[in-house]
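Report on one structure; see the data block that follows.
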Amino acid sequence: TYPRPSWRAEVSPENGLSRVSRFGGKRTTAAFQPSGDGQRMLVCTTCGKEWPDDFKLCPNDGSSLRDSSDETDIVGSVIADRYHIKAKLGEGGMGIVYKAEDTKLKRTVALKFLSSEMTSEPKAKERFIQEARAASALDHPNICTIFEVNETDDGQTYIAMAYYDGETLKEKISQGPLRIDEALTIAIKVAEGLQEAHEKGIIHRDIKPENIMLTDRGQVKIMDFGLA
């Protein structure tokens, strides 16, 4: 395997915006001059910062970039004649998550719209849908419930999931070290959820603090099963 490069952006009056990458001990720099007001801008799918289209990857973290003009504000609209979009919750490499109201069942849900990078290849898209549907069969108190995997009329793949008030483990850790008993409780709950999934033949493949939700009710929920 090859080491993941680390990235940093530099700005200077002489060279404009520069991209600096490090592969092991080797340092390479490429400078780009903005081409004017009409230059297309790209948005990082991880950090959300904008960069000129000279860049193929985000200079900050090496993540993929998408066209900023592709983003459409859908807050207030109704998806699939059912989901009334209330607010944007976040955005990451896999897509954008919205808080929505299920107007048929009168409940709050989280809708995740998958990025075009994840669903552009027909075979990859089919495999993703199959895995997400398999994950929707999981029924465990420490696993986020998936209600539906579907597409909009214009072909956007989305997943309807249970919505939880709370914070991610990443957000919790950022506030300071966890108590030992607290950390052990979270680890045990996560392990129990993973055991249930593994017994059903489903692997998460992307367990990390931002995919662990700590609800206001004291529950521990593993998020994004089937989405890795």
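Position 1 is the first residue of the sequence, and the numbers go up from there.
For the atom pair CD of Glu148 and CD1 of Ile159, the computed distance is 10.5 Å after rounding to the nearest 0.5 Å. Here Lys86 contributes atom NZ and Leu111 contributes atom CG; the two are 12.5 Å apart, rounded to the nearest 0.5 Å. The OG1 atom of Thr168 lies 9.0 Å from the CG atom of Asn211; values are rounded to the nearest 0.5 Å. The line from CG of Leu169 to CD1 of Ile222 is 11.5 Å long, rounded to the nearest 0.5 Å. Distance CD1/Ile202 to CD1/Ile143: 8.0 Å, rounded to 0.5 Å. Between Thr145 atom OG1 and Lys221 atom NZ the span is 5.5 Å, to the nearest 0.5 Å.
Aromatic ring orientation, Tyr158 versus Tyr83: perpendicular (interplanar angle above 60°, classes split at 30° and 60°).
In the hydrophobic cluster analysis, where Ile, Leu, Val, Met, Phe, Trp and Tyr join through side-chain heavy atoms closer than 4.5 angstrom, Phe147 is grouped together with Tyr98. Ile207 is connected to Leu138 through a chain of hydrophobic side-chain contacts under 4.5 Å among Ile, Leu, Val, Met, Phe, Trp and Tyr, so both are in one cluster. In terms of hydrophobic clustering, with Ile, Leu, Val, Met, Phe, Trp and Tyr side chains grouped at heavy-atom distances under 4.5 Å, Ile186 and Leu194 are assigned to a common cluster. Linking ILVMFWY side-chain heavy atoms closer than 4.5 Å, directly or via other members, places Val75 and Val109 in a single hydrophobic cluster.
Enclosure of atom CG in Asp81 is not indicated, since only 12 or fewer non-hydrogen atoms of other residues, nucleotides or ligands lie within 6.0 angstrom. More than 12 heavy atoms of other residues, nucleotides or ligands sit less than 6.0 Å from atom CG of Leu105. Residue-environment remark: CG (Asp139) stays at or below the threshold of 12 foreign heavy atoms within 6.0 Å.
Closest approach of Tyr163 and Ala110 over heavy atoms only: CB-N, 3.9 Å. The two residues Phe113 and Gln156 come nearest to each other via the heavy atoms CD2-OE1, 3.9 Å. Contact between Cys144 and Ala162 at its shortest, heavy atoms only, is SG-O, 3.9 Å. Here the closest non-hydrogen pair linking Ile85 and Ile74 is CB-O, 3.5 Å.
Panel note: side chain Asn142, backbone Val220; a donor-acceptor pair is recorded below 3.5 Å. Side-chain atoms of Thr108 never come within 3.5 Å of backbone atoms of Glu101 as a donor-acceptor pair (strictly under, hydrogens ignored).
With Met223 as the partner, the side chain to side chain contact (heavy atoms under 4.5 Å, CB included) test is satisfied by one option alone out of Met213, Glu210, His204: Met213. Among the candidates Asp224, Val149, Ile146, the single residue satisfying the side chain to side chain contact (heavy atoms under 4.5 Å, CB included) test with Lys112 is Asp224.
Residues Val78 and Thr103 are not in side-chain contact: their nearest non-hydrogen atoms beyond the backbone lie 4.5 Å or more apart.
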